[in-house]
Amino acid sequence: SGGPSEADGWLPLAARASATLGEEARRPSTTWSLKRGAGAREAREQAEKKLITFALNYPEAVLQHPWGHDAVKVRGKMFAAFGGAESPKAFSMTVKLPVSSEMALTLAWAEPTGFRLGKSGWVTARLTAGSDVELDTMKGWIDQSYRAVTPEALVKLLAAIAPKAR
């Protein structure tokens, strides 16, 4: 059918990442609530920290801070960026989703990334205070983005590290 398959290493994203990335990824499915009012900034920072920690478990992933944002890169190529929301209480994550960008863009809180990146499958999730961040969905998107920008040799290394989840 031309769509993603388990043999391609794309599915199941959350299960594959869980098998690959250790204790943090194996925890039960979680939803993180972004608080309103006092504590909203801290809630956003905690959600971002969990996702950045997850992303940094990928081979050769590094955290950099271009434009005052947190960006996780592999060999100089960004695969996840955090921050940049209009409000410091809002959550923002940008990833490249070549397989699921069309589906992601059906969500009210997802939009094509600006600067013409959206045309290449980049999607930005923006959630405001009072919203819930579905961490498993975000982790799956990080996994897909890593695989999209990473050189083939590292994708193969990732496959060798964790046999496909069955």
Side-chain angles (χ1 to χ4, degrees), residues 10 12-101 103-115 117-118 120-150 154 158 162:
W10 290 99
L13 293 174
R16 190 164 168 77
S18 178
T20 304
L21 299 172
E23 180 64 28
E24 175 67 22
R26 282 194 286 270
R27 292 197 179 133
S29 175
T30 56
T31 301
W32 197 267
S33 293
L34 296 176
K35 298 177 183 176
R36 295 183 188 272
R41 180 185 301 237
E42 293 79 12
R44 176 199 48 85
E45 288 172 354
Q46 287 177 352
E48 287 177 1
K49 182 178 178 184
K50 284 181 174 289
L51 292 169
I52 289 168
T53 298
F54 175 82
L56 288 172
N57 280 296
Y58 283 89
E60 297 189 28
V62 296
L63 180 62
Q64 295 183 347
H65 306 283
W67 326 290
H69 304 281
D70 292 326
V72 186
K73 297 182 176 185
V74 58
R75 295 193 180 175
K77 293 183 177 185
M78 180 181 74
F79 68 94
F82 299 86
E86 294 83 32
S87 167
K89 298 176 184 177
F91 171 88
S92 175
M93 180 179 87
T94 299
V95 288
K96 185 170 185 169
L97 302 177
V99 175
S100 62
S101 62
M103 181 283 307
L105 293 172
T106 66
L107 302 169
W109 42 265
E111 61 190 39
T113 303
F115 306 105
L117 292 171
S120 299
W122 287 88
V123 173
T124 299
R126 295 186 195 279
L127 294 129
T128 58
S131 299
D132 291 333
V133 177
E134 177 37 66
L135 293 178
D136 285 343
T137 298
M138 300 299 167
K139 287 177 179 181
W141 287 3
I142 289 168
D143 184 74
Q144 186 178 149
S145 188
Y146 176 86
R147 293 168 188 279
V149 304
T150 299
L154 285 181
L158 188 60

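Throughout, numbering of the chain's residues begins at 1 and tracks the sequence. The structure presented is a predicted model; accordingly, all values stated were derived computationally and were not measured.
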[X] and [Y]: which non-hydrogen atoms are nearest, and at how many Å?
X	Y	result
G83	H69	C-ND1, 3.4 Å
A104	L97	CB-CD1, 3.8 Å
V123	S101	CG2-CB, 3.8 Å

For T124, what residues pass the side-chain contact (heavy atoms from CB on, under 4.5 Å) criterion, not counting sequence neighbours? S92, T94, E111, T113, R126
Do the non-hydrogen side-chain atoms of [X] and [Y] ever get within less than 4.5 Å of each other?
X	Y	answer
L158	R147	yes
Q144	V95	no
Y146	L154	yes
I142	S145	no

Once you round to the nearest 0.5 Å, how far does [atom1] of [X] lie from [atom2] of [Y]?
X	Y	atom1	atom2	result
M93	W141	CE	CH2	6.5 Å
D70	L51	CG	CG	11.5 Å
D143	D136	CG	CG	12.0 Å

Result block: side-chain N/O donor-acceptor pairs under 3.5 angstrom for residues 71-82, not counting sequence neighbours:
unit_1 : atom_1 : unit_2 : atom_2 : d
K73    : NZ     : Q64    : OE1    : 3.0
R75    : NE     : E60    : OE1    : 2.8
R75    : NH2    : E60    : OE2    : 3.1

